[in-house]
Amino acid sequence: LDGTTGTAKTEILNLLPGLGMQVIDLEGLARHRGSLFGGMGGQPSQKAFETALALALARLDPARPVVVEAESSKIGDCRLPPELWKAMVAAPRVAIAAPRAARAVYLARAYRDLTADAARLQATVSLLQAAHPHEVIEAWQALAAAGDHAALADSLMEQHYDPRYGKHRARMAAPLAEITAENLAPADLTGLAARVAAAVQKLNPA
């Protein structure tokens with residue numbers, strides 16, 4: 001399950017079991033949302049992560065498709081097993097696409113645990129100093145200090161995350177299905193999950 005930053009992939013992934021789909025929530029197992037801003041209060045050790053992952057894999061029916069979120073080979077400090085990573089790279093992708101404004105509103109909601117701690121948020125923004133000019137970091141810090149979290153998310157995507165996603169995905173084959181969404185409000189996610197499930201089933205007919 002792929003898509004640019006802020007397309008609610010993890011929430012949608014976790015709605016899919018209710019629609020009869022098999023999933024593995026790698027970010028949930030790693031207790032990290034996969035980006036610089038994704039810390040969730042401490043990760044498991046590598047051994048504990050791999051043990052939890054092995055147990056999750058053992059519960060799956062290998063004859064049915066399994067949906068995972070598109071990730072890098074590391075989620076925070078937890079490394080994916082090489083064979084799983086290879087399988088993920090080779091797997092067909094279903095991508096979610098949404099306007100940046102909708103994604104910004106979603107991120108401001110989804111990262112309330114981070115934005116509620118102003119000092120932690122500003123410290124995290126400061127970690128991007130090596131990648132961006134001083135004036136860009138200052139603008140982000142000003143948005144963080146003002147509590148304008150949707151505008152901060154929008155600018156971070158425009159200047160940092162979306163360009164990096166684009167470069168990475170340009171090296172990969174196009175997704176086999178793309179699900180578009182104009183809004184990512186809580187009431188929209190159930191229908192979006194149903195469309196993702198239908199796309200997965202179409203790619204993997206029983």
With a 4.5 Å limit on heavy-atom distance, are the side chains of [X] and [Y] in contact?
| X | Y | answer |
| --- | --- | --- |
| N183 | V105 | no |
| L53 | P81 | yes |
| R33 | D113 | yes |
| I24 | L84 | no |
| Y161 | R164 | no |
| Y165 | D2 | yes |
| H149 | L121 | yes |
| Q201 | M21 | yes |

If hydrophobic clusters are built from ILVMFWY residues whose side chains come within less than 4.5 Å, do [X] and [Y] share one?
| X | Y | value |
| --- | --- | --- |
| M157 | L143 | yes |
| L19 | V66 | no |
| Y106 | L16 | yes |
| M88 | I96 | no |
| L203 | I12 | yes |

Pairwise distance [atom1]([X]) to [atom2]([Y]) - rounded to 0.5 angstrom:
| X | Y | atom1 | atom2 | result |
| --- | --- | --- | --- | --- |
| L192 | E182 | CG | CD | 11.5 Å |
| L128 | Q141 | CG | CD | 9.5 Å |
| E50 | S45 | CD | OG | 9.0 Å |
| L13 | E27 | CG | CD | 9.0 Å |
| L107 | D154 | CG | CG | 10.0 Å |
| I75 | H32 | CD1 | NE2 | 9.5 Å |

Verdict with supporting geometry, E69 and L26, side chain to side chain contact (heavy atoms under 4.5 Å, CB included): CA-CA 7 Å; E69 187 173 338; L26 295 170; over 6 Å; no
Say whether, by atom type as modelled, one donor and one acceptor occur between the side chain of [X] and the main chain of [Y] under 3.5 angstrom.
| X | Y | value |
| --- | --- | --- |
| N14 | T10 | yes |
| T7 | K9 | no |
| S155 | A151 | no |
| Q22 | D61 | yes |
| Q46 | R79 | yes |
| R195 | T180 | yes |

Please report the closest heavy-atom contact between [X] and [Y], naming both atoms and the distance.
| X | Y | value |
| --- | --- | --- |
| F49 | L80 | CZ-CD2, 3.8 Å |
| A181 | P99 | O-CD, 3.1 Å |
| A150 | A104 | O-CB, 3.4 Å |
| W85 | E71 | CZ3-O, 2.8 Å |
| R109 | P186 | CZ-CD, 3.5 Å |
| G42 | R31 | O-NE, 3.2 Å |

Criterion salt bridge (Lys or Arg N to Asp or Glu O under 4.0 Å) on K86 and E83, from CA distance to verdict: CA-CA 5 Å; K86 288 177 187 175; E83 290 305 312; 3.5 Å; yes
